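Note sheet for the following structure.
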2 protein chains.
Amino acid sequence: MKTETKRGRPRKFDEDVTLDRVMQVFWRNGYAATSLDQIAEATGLNRPSLYAAFGSKKDMYLNVISRFADRMHVYLAEAGHQTAGANPRLKAILTAAIDLYTGQTDLTDAPYGCLAISTLQTESPRDAEFKEALTVVIARMDKGFASLIRHETRGSMTEQEVCTAAQHLALILHGLSIRARAGETPDVLKRLAESAVDKIIPLSNGN
Amino acid sequence: MKTETKRGRPRKFDEDVTLDRVMQVFWRNGYAATSLDQIAEATGLNRPSLYAAFGSKKDMYLNVISRFADRMHVYLAEAGHQTAGANPRLKAILTAAIDLYTGQTDLTDAPYGCLAISTLQTESPRDAEFKEALTVVIARMDKGFASLIRHETRGSMTEQEVCTAAQHLALILHGLSIRARAGETPDVLKRLAESAVDKIIPLSNGN
DNA sequence: TTCATTTTTTACCAATTCGCATAAAAATAT
DNA sequence: ATATTTTTATGCGAATTGGTAAAAAATGAA
């Protein structure tokens, strides 16, 4: 009961690579400015096939947003595990995020920042689902930073201080996304990020 | 030679209040999702009148962006002059920005963050003029923070440190804009902002 | 071969988009 | 009054939008 041979005409596209292409289009244009024709062109599928496979434009967008959030999460977590100590780990994570935001990773070639920050945010006042998705993404980043800091500074910071520092880092991260989309270079952003981490979670913090 | 009585049919709208209404529509929807019909409805003008007075949709948007940047600049500068010392002045500025971002000022009732960060950013990859306008806005914020810090900490910080700290504050500001648009409350944001300032420009810095 | 199933393709739909051309209206100048 | 000038109002038009209906194609099952 693994792969029961599928009936019917076989698909001539791979779902994963197609979704990746959909993601690129939304990443560049945002939600409102992206047309299904552009997506069709970028994926090689035509509109009815897209709709049959992935639902409406909104469905596709939300699909791609959570896909992006998942990918970003594992990518940053991976980057954060190459070192030890709060300060170095946070620097590694921000550095990796900057690579992602400036098109230096496998996820994208384009320097369009964070997909959620760059595009979801804009739509949030008009659509409650989008707004909810945005707060979820933001909360996820906060939690990620908080758990790292909590773990690495066991005891030396109150829970309150941990959460505040985590949100500081998320603020910084979002600011970096905006600057990346504005065209700032990775190295400038990385210098900025490193000095920011040094002020928020100094190396001297017992790590 | 002040107001030479104008010929022709008189306008029945005020240019300033109309532009303010145009700004609200773009602020909520962003550029791409805003239609001229929506603007026409919000302003009470019809499309040909809008076009005659303010040009194309893009013209209107860029017009409103620089209008916003100017207003924001004077509003924040004013707020920053109610106190003395780098740390208190920066806190006052960020607090004022949060009021603006969350709809607590005369500029808008709506909690849609910073017009430029929230909407211009999204469009920047598709249009060189938008991208340029975005970098100009960002640079303006950097410079504003830098000149304040430079002035208040005369000598105690290198020019390099001043610029870096200024960019840190701008990163924070942009992050605050995003969270405001995501629906975060003013008081939470203000606590966050104040503690961030304390880490970037501590009170103990001789002020 | 014939049928059932799934995907692809073509074509269409109603609605909306931005911009403009043209006409009507409202004021001043002569 | 009549003409001139400026703004407003009506309405068109070509293009694009998201979505779908219907037919054609490609596979496995019988």
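In what follows, chains are A, B, ... by sequence order, proteins preceding strands, each numbered from 1. Nothing here was measured: the structure is a model prediction, and the numbers come from that model.
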Original post:
Shortest non-hydrogen contact from E132(A) to T135(A)?
Top reply: O-OG1, 2.9 Å

Original post:
Looking at Y101(A), F68(A), Y112(A), which one forms a ring pair (Phe, Tyr, Trp, His ring centres under 6.0 Å) with W27(A)?
Top reply: F68(A)

Subject >> Given dT8(D), dT5(D), dC18(C), the nucleotide with the shortest approach to the side chain of R11(B) >> reply: dT8(D)

Subject >> Length of the CG-P vector between L45(A) and dT6(C), whole Å >> reply: 19 Å

Subject >> Shortest side-chain distance from R47(B), nucleotide among dG18(D), dT10(C), dC12(D) >> reply: dC12(D)

**OP:** Round to the nearest Å and state the distance from L50(A) atom CG to dT20(D) atom P.
**Re:** 13 Å

Subject >> Of F13(A) and K57(B), the one whose closest DNA chain C nucleotide lies more 5' >> reply: F13(A)

Subject >> Nearest-nucleotide 5' precedence on DNA chain D, Q38(A) against P10(B) >> reply: P10(B)

**OP:** Check whether any side-chain nitrogen or oxygen of N46(A) sits under 4.0 Å from OP1 or OP2 of dT8(C), and answer yes or no.
**Re:** no

Subject >> Carboxylate-amine/guanidinium contact D70(A) R140(A), below 4.0 Å >> reply: yes

**OP:** Taking only the side-chain heavy atoms of S35(A) (C-beta and beyond), determine which of dT17(D), dT9(C), dT5(D) contains the nearest atom.
**Re:** dT17(D)

Subject >> Aromatic F130(B) / basic K58(B) pairing, under 6.0 angstrom, 45° off normal >> reply: yes

Original post:
Quick one: is K12(B) getting a side-chain N or O under 4.0 Å of the dT6(D) phosphate, OP1 or OP2?
Top reply: no

Subject >> Distance, rounded to the nearest Å, where D59(A) contributes CG and dG18(D) contributes P >> reply: 13 Å

Subject >> From dT9(C), dG18(D), dT28(C), nucleotide with atom closest to R7(B) side chain >> reply: dT28(C)

Original post:
How would you label the contact of S49(A) with the nucleic acid (heavy atoms, under 4.0 Å): base, sugar-phosphate, or nothing?
Top reply: base

Original post:
Ignoring hydrogens and angles, are the base of dA25(C) and the side chain of R9(B) linked by a donor-acceptor pair under 3.5 Å?
Top reply: yes

Original post:
When you measure from the side chain of D37(A), which nucleotide among dT17(D), dT5(C), dG18(D) comes out closest?
Top reply: dT17(D)

Original post:
Separation of M60(A) atom CE from dT17(D) atom C1', in whole Å?
Top reply: 13 Å

Subject >> Interatomic distance, Y51(B) OH vs dT7(D) C1' [rounded to whole Å] >> reply: 16 Å

Original post:
Do R179(A) and D142(B) meet the salt-bridge criterion of a basic N to acidic O distance under 4.0 Å?
Top reply: yes

Subject >> L36(B) CG to dC12(D) P, straight-line distance once rounded to whole Å >> reply: 19 Å

